[in-house]
Structures are given as structure tokens and as C-alpha cells.
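Remarks on the structure that follows.
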Protein chains: 2
Amino acid sequence: MFMDIKNIMKNKNMRFTVARTELLEILIKESKPVCYEDVKHRINMDKATFYRNIAKFVDEDIVNSFESSDKKSYFEMKVDSHPHFICNYCHSIKCIDNLGSVVLEGYEVESIILKGKCTLCR
Amino acid sequence: MFMDIKNIMKNKNMRFTVARTELLEILIKESKPVCYEDVKHRINMDKATFYRNIAKFVDEDIVNSFESSDKKSYFEMKVDSHPHFICNYCHSIKCIDNLGSVVLEGYEVESIILKGKCTLCR
DNA sequence: ATCTATTGTGCGACTAAGTCGCAATTAAGT
DNA sequence: ACTTAATTGCGACTTAGTCGCACAATAGAT
Ligand SMILES: [Mn+2]
Ligand SMILES: [Mn+2]
Ligand SMILES: [Zn+2]
Ligand SMILES: [Zn+2]
């Protein structure tokens, strides 16, 4: 795992730093998308450092991002890309595995977000 | 149309005001989701007035809302609800009509957002 | 038509997510 | 070890959206 991150960095021509290692470790371990607040709660990382590294990860296709109904951005590793359900009422985010593939002529669909009322809220 | 808005307000037990009429007229005429900036560009309406009225419309199920990749909220009349495609690169929003219905067991899906690369950006 | 209770509007101050410039630090190749 | 370019952390800044409050407008009663 430690070695994995070092290799990812090498492949993407990015320097192997403590901040990036800690951030990627959280993203890899976590099974849900995380926001800056989530990361800050676990490790000491500056806002700017977080957002700049995340932007680079997104740029390098390592990480996916989307905006939730709580007006914050959430981030997740891009491996095993899947849809997400966001509750408009409690703002919880659920990863969805059992949804047929959605194809849209002319567009390159990178992520799918379903919004509505979750199991607990209805 | 003018009468329609008055009736909507009556049915929802909301006062019939100039601000609400102007805002609903824009939402009804517009064929794309709009943000505050879009509305401000067309009429003189205070931010607080806009967001408070929009929140009420959303609450009363007249209007749908979602967050775009430009970190702004967009709003659209709830009639003829349909999915939207948001480009992660140019942040354009397209209304999608030709997509099969998505059903998710246990959840009440209110809106569907597809994100990715639009026709122009790829 | 006027009066009154209640709701809506506009303004300015505020909040909070995210960005930017800059000086200090660190990674990585020689 | 040395050098150079990339990265980090800090504080200032930007901007979408919220809040409190004084004033204005609505809708119903008289
Ligand atoms: Mn997920
Ligand atoms: Mn639409
Ligand atoms: Zn919920
Ligand atoms: Zn585009």
C-alpha cells in the first residue's frame, strides 16, 4: 500500500510527499467519498495543500469529485467508479453498485449522481 | 401565464408578490436551469429575496435544485422532470430527454445528474 | 376604502468553502 | 552534499449563500 502510493506518484510524475501519502491513504482506506472537513478531522493538513493536491489527483485521473447538497465537494478514488446517491434532506451519500450502465450518445459520462430522499428520510 | 402564477401561489398558500411573479416567469420561460447570477442579469432582485423564495419553491415542490461543477446552485421548474448533464470542463448544463428511467430500490430518486465531458469539450 | 396583522423585501453584515501569493521547506537528480 | 524546482503552510482574499432587522407590501376583516 505504501509502495502502491509511491508507484502511483512515480507513474504520474508527481513528487512523493508526506502530505500526498497521508491524503491518498485516507482516500484509499475510506469506502465513502470524503470532503476536506473529513480529512481535517483525521489528519493535520492545510486547506490549500488539500485542495491543490486533490485538484492534481483529479487532473491526473486518480480521483473523482462531485458537489453534494451540503454545498461541499466530495472526493473518492477513481478505481471501480460507481454512481452515488445524495439525500437532499440529511445530505448523506451512498455508493451505488447495483445500477445498470448509463450511456449517453455524444457525451462522455464520468460519474452519475442520483439525488432524492434516502431510506431513513422517507 | 400571469394567472397561472397567481393560482400556483394560491394553491401553495403563498402571497402573490412582484418578486415571486418575476422569478417564476423567468423559471417558466427559461428552458435551462438558472442560477442567481442568471436571474440577476435579467431582473433586479436581491440575493436574499432570491434564495428565500427559491427555498420556498423547492420546499413546496414547485422547483428542483442541484449543484453544478462551477460550485453554484441551479434551479428549474419541477414540471416534466428530466436528467441533466453537467460538463466538468466548461461547466455547461444540458437537459436530457432520451434517458431510460432509473429506479433504485429503497430510495426516492428526485433528480439524476450525469457528469463528464460534453460534446464540445471532447 | 381603510385598518391591521402578518408576511415579504432589501440592505448590510456575516459565514464558510475554496483560491491565491508568497516565503520557507523538501524531494530528487547530479 | 548541492542545486533547483516542486511543495507546503500561512494569511489574506473571493464569492455563494445566510441572517437579522427595519421598512414595505399583501390579504383579510371591518
Ligand atoms: Mn463511492
Ligand atoms: Mn432541464
Ligand atoms: Zn436522508
Ligand atoms: Zn464542456
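The sequence lines fix the lettering, A, B, ..., with proteins before strands; numbering per chain opens at 1.
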Can you sort out the partners of B:His82 under ring pair (Phe, Tyr, Trp, His ring centres under 6.0 Å), two or more places apart, ordered by chain and number?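 With sequence neighbours excluded, B:His82 shows a ring pair (Phe, Tyr, Trp, His ring centres under 6.0 Å) to B:His84, given in chain and number order.
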
All ring pair (Phe, Tyr, Trp, His ring centres under 6.0 Å) counterparts of A:Phe75, not counting sequence neighbours: A:Phe50

Which letter, B, S or -, goes with each nucleotide of nucleotides 24-30 of chain C from 5' to 3', with contact meaning a protein heavy atom under 4.0 Å? --BBS--

Could you give the start and end, 5' to 3', of the contact zone on DNA chain D for chain B, using atoms under 4.0 Å from its heavy atoms?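 Listed 5' to 3', the contact boundaries are D:dA16 to D:dA27.
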
Specify the closest pair of heavy atoms between [X] and [Y], including all atoms of both residues, with the distance to one decimal.
X	Y	result
A:Cys87	A:Cys90	SG-N, 3.3 Å
B:Asp38	B:Val34	OD2-CA, 3.4 Å
A:Gly106	B:Thr119	O-OG1, 3.6 Å

My understanding is that only residues two or more places apart in sequence, or in another chain, count here; which of them pass side chain to side chain contact (heavy atoms under 4.5 Å, CB included) with B:Glu37? B:Cys35, B:Lys72

Give me each pair satisfying salt bridge (Lys or Arg N to Asp or Glu O under 4.0 Å) with a member in residues 57-67 of chain B, each pair once, sequence neighbours excluded. A:Lys115-B:Glu67, B:Asp61-B:Lys78

Quick one, which residues of residues 67-78 of chain B touch DNA chain D with a heavy atom under 4.0 Å?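 Close to the strand are B:Lys71, B:Lys72, B:Ser73.
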
Kindly state which residues belonging to residues 44-64 of chain B come within less than 4.0 angstrom of DNA chain D, counting heavy atoms of the residue only, listed by number. B:Lys47, B:Ala48, B:Tyr51, B:Arg52

Starting from A:Ile93 and following side-chain heavy-atom contacts under 4.5 Å between hydrophobic residues (I, L, V, M, F, W, Y), which residues can be reached? A:Phe66, A:Tyr74, A:Ile86, A:Ile113, B:Phe66, B:Tyr74, B:Ile86, B:Ile93, B:Ile113

Quick check on the helix from C:dA1-D:dT30 to C:dT30-D:dA1: what's the angle between its two end axes, five base pairs per end, to the nearest 10°? 30°

Side chains of residues 40-48 of chain B: which donor-acceptor partners sit under 3.5 Å, not counting sequence neighbours?
unit_1  : atom_1 : unit_2  : atom_2 : d
B:Arg42 : NH2    : B:Glu30 : OE1    : 2.9
B:Asp46 : OD2    : B:Ala48 : N      : 3.0

Sequence neighbours excluded, every pair satisfying ring pair (Phe, Tyr, Trp, His ring centres under 6.0 Å) that has a member inside residues 87-117 of chain A: A:Tyr107-B:Phe85

Can you establish whether the number of heavy atoms outside A:Lys32 located under 6.0 Å from its atom NZ is more than 12?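 It does: A:Lys32 NZ has more than 12 such atoms within range.
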
If we ignore hydrogens and angles and just use 3.5 Å, is the side chain of A:Ser68 paired with the main-chain N or O of A:Lys71 as donor and acceptor?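 Checked: no pair found.
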
Say whether, by atom type as modelled, one donor and one acceptor occur between the side chain of A:Ser111 and the main chain of B:Gly116 under 3.5 angstrom. no

Close side-chain approach of A:Asn64 and A:Val58, heavy atoms under 4.5 Å: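 Heavy-atom side-chain distance check fails, nothing below 4.5 Å.
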
Is it the case that A:Asn88 and B:Glu110 place a side-chain donor and acceptor less than 3.5 Å from each other?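 Side chains of A:Asn88 and B:Glu110: pair found under 3.5 Å.
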
